[in-house]
Novice: 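Okay, here's the structure, questions in a sec.
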Amino acid sequence: MRVRVLIRPKEGILDPQGQAVERALPALGYEGVSNVHVGRLVELDVPDGDGDVEARVEEMCERLLANPLIESYEVQSIDD
Amino acid sequence: MRVRVLIRPKEGILDPQGQAVERALPALGYEGVSNVHVGRLVELDVPDGDGDVEARVEEMCERLLANPLIESYEVQSIDD
Amino acid sequence: MSVQQADVARAEALGLTASEYERICELLGREPNALELAVFSLLWSEHCAYKHSRKLLSTLPTEGERVLMGPGENAGAVDVGDGLAVAFKVESHNHPSAVEPFQGAATGVGGILRDVFALGARPIAVLDSLRFGNLDSARSRYLLERVVAGIASYGNSVGVATVGGEIYFEAPYEQNCLVNAMCVGLVPVGGMVRSAASGPGNVVVLIGARTGRDGIGGASVLASAELDESDEDKRPSVQIGDPLEESKLIECCLELIGADLLVALQDLGAAGLSSSSSEMASKGGVGLDLDVSKVPLRERLEPFEIMISESQERMLAVVEPARLDEVVAVCRKWETNAASIGTVTDTMRLRVFNGDTLEGDMPVTALVDECPLYDLEPVEPADPLAAFATSRPALPAGADPEQTLLALLGSPSIASKRWAFEQYDFLVGSRTVRRPEHADAAVLKLAWDGNDTGRGLAMSIDGNGRRVACDPYIGAAEAVCECAANLACVGAEPLGLTNCLNFGNPEKPHIAWQLTRAVHGMSAACRAFGVPVVGGNVSLYNEGPEGPIYPTPVVGMVGELPESAAAGSSAFQASVDGGDADMVALVGPFAPSLMGSELAKLGGTLAGGLPPFDLAVVRQALELVREAVRAGAVRSAHDVSDGGLAVTVAECVIQGGVGATLDLEPLIHRAEVDPRAALFGEGPGGVVVSGPRESLMELSKKAAGSGFLALGTVGGERLRLTAGAATIDVSVQDARSVFSSGLSGLVP
Amino acid sequence: MSAGGGSIFVVRVGVVVFPGSCDEADAYQAIERAGLEAEYLWHGERNLRGCDAVVIPGGFSYGDYLRAGALARFSPVMEAVSGFALEGGPVLGICNGFQVLCEAGLLPGALLLNESLRFVCRQLHVQVERTDSAFTGACEQGEVLSVPVKHTTGRYFAPDDLLQRLEHEAQVVLRYVPGENPNGSLHDIAGVVNEQRNVMGLMPHPEHATDPLTGSTDGLKLFSSLAVRGATVPA
Ligand SMILES: Nc1ncnc2c1ncn2[C@@H]1O[C@H](COP(=O)(O)OP(=O)(O)O)[C@@H](O)[C@H]1O
Ligand SMILES: [Mg+2]
């Protein structure tokens with residue numbers, strides 16, 4: 001199964017990458033864009049079969065893909 | 001409107017991050033995970049009103065958010 | 001032999017001429033198949049074959065007592081004593097950086113590192129020489145930002161210190177930025193390995209990253225054609241660097257060489273497997289049979305794609321069959337791939353198999369040695385500057401000396417490059433005795449395996465394209481002087497020189513003239529200084545719709561110091577505890593002129609021509625400075641360069657955090673120039689030194705023939721300069737703030 | 001194990017090497033300069049070969065891919081390091097090593113991308129806040145050290161409650177002096193220790209401040225603290 005993980009900086013933590021994008025946009029003629037956040041995208045093929053795939057991926061997130069202290073994550077299964 | 005942009009290394013372009021994660025997973029007890037790719041996630045509030053929001057965001061991707069030479073991107077509109 | 005029109009067209013599309021195609025058919029005795037044509041087109045490209053420069057390069061002096069490896073190997077190497085050799089080379093990655101600046105610059109660093117560790121040397125330092133358009137353009141700012149980030153990302157990640165470099169901003173680089181990277185490595189003299197394949201029956205092993213579609217139609221093609229509007233088509237082949245893979249590859253290769261497990265080693269650069277294999281075979285006078293089905297792939301590739309892929313972080317080794325298992329074990333330890341992909345033969349042919357199918361069969365000499373070489377057809381243009389894009393004047397005509405000094409200090413080409421070098425790890429390796437901005441050259445400890453010899457290595461990279469444009473012969477000679485002066489200021493004696501010749505389209509007569517004159521000027525200076533050229537690189541066709549780049553020979557030099565602890569620095573020093581103030585003097589035959597100067601650029605008065613000078617006297621002056629620094633007779637030494645004497649002393653003052661009071665009258669008198677030229681005129685052969693009065697007076701006695709002018713004293717919190725009726729009086733603080741923000745204020 | 005009257009207890013210090021480590025040789029040399037013995041510990045090893053202390057050096061372990069320190073912390077040697085740390089063994093993480101220790105949960109908090117978004121290599125000053133830790137025992141309280149930083153991911157972060165606890169328990173051992181915070185770290189934090197004070201992480205590079213010729217010798221104190229501290233390491 002193909003799975004997508006969206007990883008975002010946690011609410012309230014300074015996100016200078018998001019800020020930099022937000023600052024750069026007006027100069028390119030895009031006014032009014034706000035609340036920009038930059039995170040990470042991980043996509044992977046996980047063998048289904050043994051049990052709950054999403055639960056396994058959440059475990060991977062807790063342990064490796066995200067750092068729960070600073071990041072929140074969301075697991076989506078995608079059908080190509 | 002809240003918009004999500006998924007940015008991935010283009011097909012065929014070397015993705016050292018994805019490779020590194022893929023190689024690390026078996027040691028954590030996750031066998032058989034494959035085709036791992038690591039990209040970026042950008043989420044932003046774009047003022048609707050003037051025209052096609054998604055088209056504008058695609059333009060932002062071309063010009064700033066992504067590097068079209070080596071990255072592909074996908075724009076999704078999300079309703080919080 | 002009758003050659004089909006369609007085939008000629010195909011060859012031309014790959015960058016070959018009709019007559020080159022015919023020559024290939026003759027050499028093969030038949031028409032090449034598609035794979036062979038692809039291989040020929042790359043090996044016969046300007047980038048690999050040096051079609052337009054080889055004859056000229058052969059005029060450079062390459063001999064020297066201490067030269068261990070000269071041009072022709074992956075990098076040059078000279079003996080530095082204590083059983084050690086220093087290996088170094090500079091290489092360009094201009095076109096890839098113009099297309100994708102981050103990856104282009106990153107893989108440029110990766111490539112030059114591989115050239116150095118290919119011969120067994122551990123890379124200890126990187127320097128980079130960069131050129132961009134003026135920073136009022138968004139494109140130039142973007143390129144600057146991404147190129148610096150790319151160099152930083154790769155160099156920092158592999159753990160090699162980036163200790164020096166230079167950045168210039170000039171309109172002619174707007175479309176064609178230059179990214180030249182130099183690497184310096186150390187190796188025990190007996191531990192070097194060459195790239196010549198030998199021993200029929202030996203195994204060819206491909207080490208490192210898997211092969212993908214990177215750079216197919218990349219560097220070699222890009223580097224051989226002018227960039228134009230159709231940039232886009234050339235884009236999809238961008239190579240991506242993986243510094244983690246490189247750092248494992250470095251350790252792996254050095255361990256393999258240290259254990260004497262390799263017969264030969266060669267990096268895969270432009271044209272990938274095609275050029276590395278055929279060059280190894282050519283040097284060894286042997287043939288190679290390769291099986292592309294054995295090459296570890298990242299994705300499905302055609303045999304021809306495997307042969308020309310420019311995937312990064314790969315090396316090709318020749319191994320005796322009996323040692324193969326040991327080689328594989330070392331590679332496994334470093335978690336890097338090793339695949340036996342072929343064997344050495346005595347056929348003198350490069351044969352490419354895909355499993356059992358023969359896909360290509362080419363004589364090695366045809367590939368490597370028989371590409372036609374072209375004679376340059378130089379014609380001197382009426383106005384040497386006519387072809388170049390010009391910059392808008394940035395300084396009003398009536399500016400007073402003080403405004404002029406501040407404008408120069410804040411001009412991005414002169415202003416502090418801290419914004420850039422703080423992005424580089426200049427400390428890793430624990431060798432860095434002089435870091436950026438502390439002295440004219442970087443100084444590193446000469447230590448090996450934890451044993452410090454107490455001696456030092458100095459290195460510098462220089463080249464001012466604008467001055468070379470004004471007079472290619474004198475400008476190129478000046479680049480060598482500048483490098484030598486930088487070394488002298490830290491107390492180092494040059495050991496050898498590497499260079500990168502960045503020029504426009506050599507098929508154009510005025511570019512051919514620039515190239516020829518510049519190489520002759522560089523050659524003359526090398527001979528005058530007794531410095532051998534041990535390697536280099538050529539990057540031609542750097543042209544865009546707005547014209548060619550400035551002719552830009554970039555010179556890299558490495559020198560040695562007997563005592564790294566005595567390395568010179570450029571900062572003036574305040575007197576301690578009410579002791580006597582240091583004296584300031586100008587050493588050398590320096591004859592300032594506004595021709596070709598930064599001020600001429602800022603003022604919009606740039607014109608062709610540079611004043612001639614006497615190389616022998618410059619050499620004499622630099623030797624004097626070097627000895628004075630080594631003996632501790634001076635407390636600071638800083639050569640006069642861009643922006644002239646006023647800028648030079650301002651830099652000494654800013655670095656030292658202490659003022660100075662100087663009168664340039666003696667210079668005005670000796671050089672017979674006006675005050676403005678004395679303050680801001682440029683030229684080779686001037687070094688500003690400071691030190692105790694007595695020791696400078698001693699120095700003046702030895703300086704008889706080469707020039708010595710006492711200018712004033714160090715002290716206070718202001719820089720006060722008098723030149724005839726012109727005066728400058730600025731606080732050190734103001735000078736520093738303009739100098740510090742000149743570049744950083746313009747980048748995001 | 002005994003410290004003897006005033007004599008210095010020599011410890012053997014392991015320097016962990018991951019693929020992509022950069023400053024391991026510098027750390028090795030620094031340890032020797034402090035009068036201790038150094039030994040490399042390969043990432044694949046499962047025991048510490050009797051080392052009395054461990055240094056995790058700077059660099060880009062596993063390319064810093066995914067997140068700095070995230071992949072390295074799962075290497076076999078880190079299991080041994082964790083066990084050693086939990087038993088009270090002294091462990092120092094420098095820069096990337098700090099990131100690894102945070103990722104491994106051996107130190108509180110996390111390191112984020114510098115506010116400037118850029119790598120920064122700079123000599124600066126840090127103040128020693130506490131001397132009652134394994135690696136600051138040889139410093140004076142309040143002493144200011146000249147050391148370099150060089151990193152892209154050095155912005156120290158901890159959620160509010162954790163941060164308050166760290167301050168309250170005096171786990172912040174090094175702070176950038178006012179005005180010299182290079183990365184946007186909360187509370188100017190440059191180095192922290194765990195509750196037991198045997199594990200320390202810092203972004204500055206003390207191993208690059210052990211030689212007057214290359215900049216400063218102030219960093220030596222962190223390594224020589226181990227010699228002082230050696231006596232109290234649990235057997
Ligand atoms: N400008 C030059 N001056 C001296 N030697 C040069 C110059 N340009 C190239 N060479 C030499 O020619 C050889 C081929 O260079 P290059 O194609 O850059 O090598 P590589 O394929 O290893 O990158 C090298 O030995 C190099 O040192
Ligand atoms: Mg090479």
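The analysis underlying the following values was restricted to heavy atoms, covering all of them including side chains, and did not include hydrogens, waters or symmetry mates. Predicted model, so just to flag it, every value in this text is computed and none were measured. To find a chain, count down the sequence lines: A is the first, B the second, and so on, and within it residues start at 1.
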Novice: Sort A/Q19 into side chain, backbone, both or neither according to what part of it lies under 4.5 angstrom from a heavy atom of chain D.
Specialist: neither
Novice: Is it the side chain or the backbone of D/L66 that comes within 4.5 Å of chain A heavy atoms, both, or neither?
Specialist: both
Novice: Hey, what do you get for CD1 (A/I13) to CZ (D/F157), rounding to the nearest 0.5 Å?
Specialist: 3.5 Å
Novice: Got a second to check how far A/L64's CG is from D/R73's CZ, nearest 0.5 Å?
Specialist: 7.5 Å
Novice: What's the spacing between D/E103 CD and A/N67 CG if we round to 0.5 Å?
Specialist: 4.5 Å
Novice: Picking from A/L14, A/V42, A/D15, A/I7, which has the most non-hydrogen pairs under 4.5 angstrom with chain D?
Specialist: A/L14
Novice: Against chain D, work out which of A/A20, A/P9, A/P16 has the most heavy-atom pairs shorter than 4.5 Å and name it.
Specialist: A/P16
Novice: Between the side chain of D/R67 and the main-chain N/O of A/L65, is any donor-acceptor distance below 3.5 Å?
Specialist: yes
